[in-house]
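In what follows, a structure is listed as structure tokens, so that the remarks can point back to it.
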Amino acid sequence: MEFSELIRTGQAQAELLRGPEMPPLRGTLCVTGHHLLLSPGPQATPDLWLLLLRSVDSIEKRVAGDAGTITLRCKDLRVLQLDIEGVEATLDIARSIEALSSLESVITSFPFFYRPKGLRLGESWHFHPPERYYKRVARETRAWRLSEANEDFSLCPSYPRAVIVPRTVDDDALARSARFRQGGRFPVLSYYHAPSGTVLLRSSQPLTGPQKRRCAEDEELLQAVLAGARPGARGFIVDTRSAQAAKQARMTGGGTEAKSAYPGWKRLHRPLERGRPLQESFVHLVEACGDLEQSMDRWLSRLDGCHWLSHVKAALSTACLAAQGMEWEGACILVHGAEGTDSTLLVTSLAQLILDPLSRTMAGFQELIEREWIQHEAPIFLLFLDCVWQLGRQFPLSLEFGEGMLLALFDHSYASPFGTFLCNSEKERCLCEVRTRTHSLWSGLNQPKEQRKLRNPLYAPNPLAIWPSVEPQSLRLWQGLFLRWTHPPEPSEVAWEKVWQIATDQEKTEGSQPTDSASEPQP
Amino acid sequence: MEHIRTTKVEQVKLLDRFSTSNKSLTGTLYLTATHLLFIDSHQKETWILHHHIALVEKLALTTSGCPLVIQCKNFRIVHFIVPRERDCHDIYNSLLQLSKQAKYEDLYAFSYNPKQNDSERLRGWQLVDLTEEYKRMGLPNSNWQLSDANRDYKICETYPRELYVPRIASKPIIVGSSKFRSKGRFPVLSYYHQNKEAAICRCSQPLSGFSARCLEDEHLLQAISKANPANRYMYVMDTRPRLNAMANRAAGKGYENEDNYSNIRFQFVGIENIHVMRSSLQKLLEVSGSRGLSVSDFYSGLEGAGWLRHIKAVTDAAIFLAKAIMVENASVLVHCSDGWDRTSQVCSLGSLLLDPYYRTIRGFMVLIEKDWISFGHKYSDRCGHLDGDPKEVSPVFTQFLECVWHLTEQFPQAFEFNEAFLLQIHEHIHSCQFGNFIGNCQKEREELKLKEKTYSLWPFLLHDQKKYFNPLYSSTSQKLAVLEPNTVSFNFKFWRNMYHQFDRTLHPRQSVFNIIMNMNEQNKQLQKDVKDLESQIKQHKNKQTDGVLTKELLNSVRPESPALKTSLCLKEQTLLPVKDALRTVEGSSPADNRYSEYADEFSKAEPAVVSSEYGVARMTC
């Protein structure tokens, strides 16, 4: 790959402004294949400032006299300003950044070149998340099996090679069910809730279409789920669209499960926003958070108007509903929307955090993300992180990871030297050999030096379900993320450091080891 | 008590206003002379002090009984259902009588008896000593002196006896100035900044009308600016909105004319009056108290109530004051109309920003005694202790506490006390259990002989101070000597722990504070144990030089060692916070939360039909 073709100029003198709380940096600016570098000279600290070009979201350039200004809006919500000497240099650098930051090819992206010291390729990859999870399920029940029907991704390109399905349903039936579901996403097990013996499933919408088509194998599959749980078990289908939207989807070939075709299953509609409206909500919130001068009334009205916290509340409520159905009603739950790749995953992953103590450990959380999330670069993944943050605020001792972990996931989901969040499906990841040619984010994050940033010093394993309050008074704006650059919460960071100090003092004086081992991801 | 007609009603239901729609606790309601007590079937007790009751309402009879709703001044709202209407009526009438007293002597403080003798009680009252406090500030000094002008409350009834004024201000000047100020509240010192030699002074509005002047008043202000060697200019902060101050001129009051006073810089700050604040809080509570509140309704309600805007305005005023002293070395005179509401807020908050002492547990008590109690903030009127004019009631002090809470949120390490301390003080401004907040000024308090007949709150808080410590407090941090809060709008949040203090289901399910406190305690204990053991080893080593023997000795000592015993106990205690956490987590169940209303749906025959509207309207906003 010839990056050099895209780089118009070698270097220029520039000053970098990084927001109100950070001192400006002066030095030599330089564009490389993946990075923007600023070198302030050998005696400066830090001696090098580095920005991954992938993280540039938009770029504005302005020239006046014999200098220019480039404003970079980054995907991690930072806004950077570069004052550059020379008009030509400014325009060249802007063009280079534009070209390089919008490169589509996965295999030329930075993770394929990143070779940090101390990490070995292939390390810490969760190579087979469903297989690993199946081992857990198999210890509890015989009702499920691991199917390799999707070995060659022919059933469903966005599913992994192996999926967990009812033991009594054979691979042929799975293939038929897959043809009856959008994108081939037939119902598979997402989480087995051992205390109640019930399960959480996910899928995409059934392709009933205007003729209200049916699929015997799909119906059998869901029947088998109930039979496997316990005789007479009930099921609920949580459709993340409104009843009307689900009905309308029939016109375009989609639809929802007809009541008569799936005895024992009931449908609940919990409309969750996704796609464009969610993106807009996010953009509006970010805009509001960038305005330091606005009056209280204006701020509150923008906070209200962007609806972001309404989405947080809706997502958490729906996840609680699903979790409650399992733990309190002893029912099986199937979650889907249309494609089953966004709000569906939001609900299934949050429901697991609520119910499953293991998913609240560092290792468990990483596995959960590997297992549930396909695409990370969307506000829906951020919405998920925000909901997790709300859970962490309400149960400050129950999550092994802290806010730093959620922020790191947010940052890496948009632009990362690691390969974990590359590609949008398992199939693509295999084609690009992501797992063998890039480093896993987890290997980066699980290094001891990162731990203080990522862990919750107050963590105490909690075997119970954590039921959050979803009242508006109990939900808060995630300042640590949305106001991270405009309004850094310095005193609270110092306080956090103090909490760490107290917690580690405790460990030292008690002579017990820090609980690192519990959360090392197993090979 | 003659007001109590029924002392006990059985089979009363207590509804939770936020958890599941119709779940309730059944129990027995008792009415005592001072409290309303509900004991539920799990023997859990809910005590409500009669003085805390702000409003009792009897709602229309329902099939299950007669609903009785009680709103308290500490923001607790309880909803009882009394099976028989007659009982409900009796309780209702009794509570109406008991919650509103006509005379000070009927308040709880006059009958409250914590089993202390007279000298203990007196020592309690001496705990906070303002003479000492002025000494701590470095007063009197060459520029400021104690004035005896108000020794017998002759000049100003609502001021304390002891007042500090500029040394060069003679008595005739003071008397003259006091005649030119509302309620005689002439300019006096509230806080003296020793390093900057600048003072915070306070007073009420001048009776300037459209053109009146008072030479003595002008002299007194000049004396204040002269008492500051570093800056001859002084600020006069009128904490009212300009329009309000202008309107006062028509009534012969108003504000200082810069032309008549030399060396002053006059500044309006724009904090609204007690009536605006009362209705603002009322609106806030209406919003936050509504059932099935959507996120959108909540935020538009917050905006409409304006409460956070007011909190920001008060904080901004205090920052202005602190900056004038820190940056410009200037003295500041603060007033509003009468100088006992907004003026108290701004002076005390300003001092809190400037002086770390006021951010300690003891210092905060002193601050309240000085700027609020002694300078005549009308607690009894503002809190409605007695049956009186409801227009005098206003949450001015609550607002001050909230401003402090916001500072504790922004500077988690700057305060020795925690949120519980603020909540506890708030509890007691209304409880009338202690004498501190009874009455409207010092003179009145002396006439009521509060120090002889009632107890002071402060020693009781100090006795429990463990509960109020902030484990993150860093007393030595130089960075936190003077606080410079950022009042960008993002920093102001709804104070859930105040306004929903008693709505258990809305709160975080685990307390970080408690666990850090416990860790801190244990750290200290363990470190002490380690030291004890080390010194024991040393002793043994001195006796026995043989290493092997020492080891054996240590082993044999083990079971008896008191130090080890304590640390063994502590080991068990280490589990405690976790257990606590579990208990609170157990306490959280889907039944506590609103998503559980949909439990009904699980058993409904036609979920698909119901859920769309139901879901949109109540679940996803």
Side-chain angles (χ1 to χ4, degrees), chain A residues 236 242-244 259 266-271 289 292 294-297 299-301 303-304 307 309-310 313-314 317 320-321 324-325 328-329 331 393-398 458 460 462 464 466-467 469-476 479 483 487 491-492 494-495 498-499 502-503 505-506 509-510, chain B residues 18 288 293-296 298-300 302-303 308-309 312 410-413 471-472 474 488-490 492-494 496 500 505-506 508-510 512 515-516 519-520 522-523 526-527 530 578 581-582 585-586 588-590 592-596 598-599 601-602 607-608 611-612 615-616 619-621:
Chain A
F236 289 95
S242 68
Q244 204 198 354
K259 212 174 62 166
K266 275 180 201 166
R267 236 167 47 224
L268 301 171
H269 290 274
R270 287 284 166 276
C289 290
L292 292 165
Q294 63 200 326
S295 71
M296 185 69 72
D297 288 0
W299 161 243
L300 290 173
S301 123
L303 196 54
D304 171 23
H307 298 304
L309 284 169
S310 304
K313 178 177 159 71
S317 312
C320 288
L321 181 79
Q324 189 189 354
W328 285 58
E329 307 291 326
R393 246 183 58 78
Q394 294 195 27
F395 298 89
L397 316 180
S398 297
L458 303 175
N462 167 10
L464 302 171
I466 51 174
W467 301 103
S469 162
V470 296
E471 296 293 333
Q473 295 96 320
S474 308
L475 302 175
R476 262 211 189 166
Q479 296 213 358
L483 301 173
H487 183 57
S492 44
V494 179
K498 170 107 180 181
V499 173
I502 294 173
D505 273 1
Q506 164 119 10
T509 35
E510 276 188 295
Chain B
F18 285 106
S288 71
L293 183 67
S294 74
V295 175
S296 190
F298 178 63
Y299 281 102
S300 57
L302 265 190
E303 183 194 343
L308 291 178
R309 195 178 67 225
K312 176 170 152 60
Q410 209 177 126
F411 302 99
Q413 297 193 270
L472 299 178
S474 150
V488 64
S489 304
F490 319 131
F492 294 88
K493 289 160 266 188
F494 176 70
R496 194 190 50 228
H500 288 296
T505 57
L506 296 189
R509 311 301 213 247
Q510 296 169 319
V512 173
I515 199 154
I516 300 180
M519 282 183 175
N520 242 348
Q522 287 167 22
N523 283 352
L526 286 167
Q527 273 158 9
V530 170
V578 183
L582 290 191
V585 174
E586 263 167 17
S588 105
S589 81
D592 284 336
N593 298 291
R594 256 203 303 142
Y595 42 79
S596 61
Y598 310 96
E601 282 184 49
F602 283 123
S611 52
S612 75
V616 173
M619 193 124 172
T620 57
C621 341

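Protein chains get the first letters and strands the later ones, always in sequence-line order, with residue 1 at the start of each.
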Nearest 0.5 angstrom please: B/S489 OG to A/Q294 CD, how far? 5.5 Å

What's the separation between atom OG in A/S295 and atom CD in B/E303, rounded to the nearest 0.5 Å? 8.0 Å

Reported OG-to-NZ distance for the pair B/S296 and A/K313, which is rounded to 0.5 angstrom: 11.5 Å

Between A/S310 and B/V295, is there a donor-acceptor pair closer than 3.5 Å when you use the side chain of the first and the backbone of the second? no

Mark yes or no for whether A/S474, through its side chain, and B/L506, through its backbone, hold a donor-acceptor pair below 3.5 Å. yes

I'd like to check A/L292 versus B/F490 (side-chain heavy atoms, cut-off strictly below 4.5 Å). Are they in contact? yes

Measure the spacing between CG of A/L300 and CZ of B/F298 and express it to the nearest 0.5 Å. 9.0 Å

Portion of B/R309 that has a non-hydrogen atom of chain A nearer than 4.5 angstrom: both

Taken to the nearest 0.5 Å, the spacing of B/S294 OG from A/D304 CG works out to 8.0 Å

Can you tell which of A/R393, A/R476, A/Q473, A/Q394 has the highest number of heavy-atom pairs within less than 4.5 Å of chain B? A/Q473

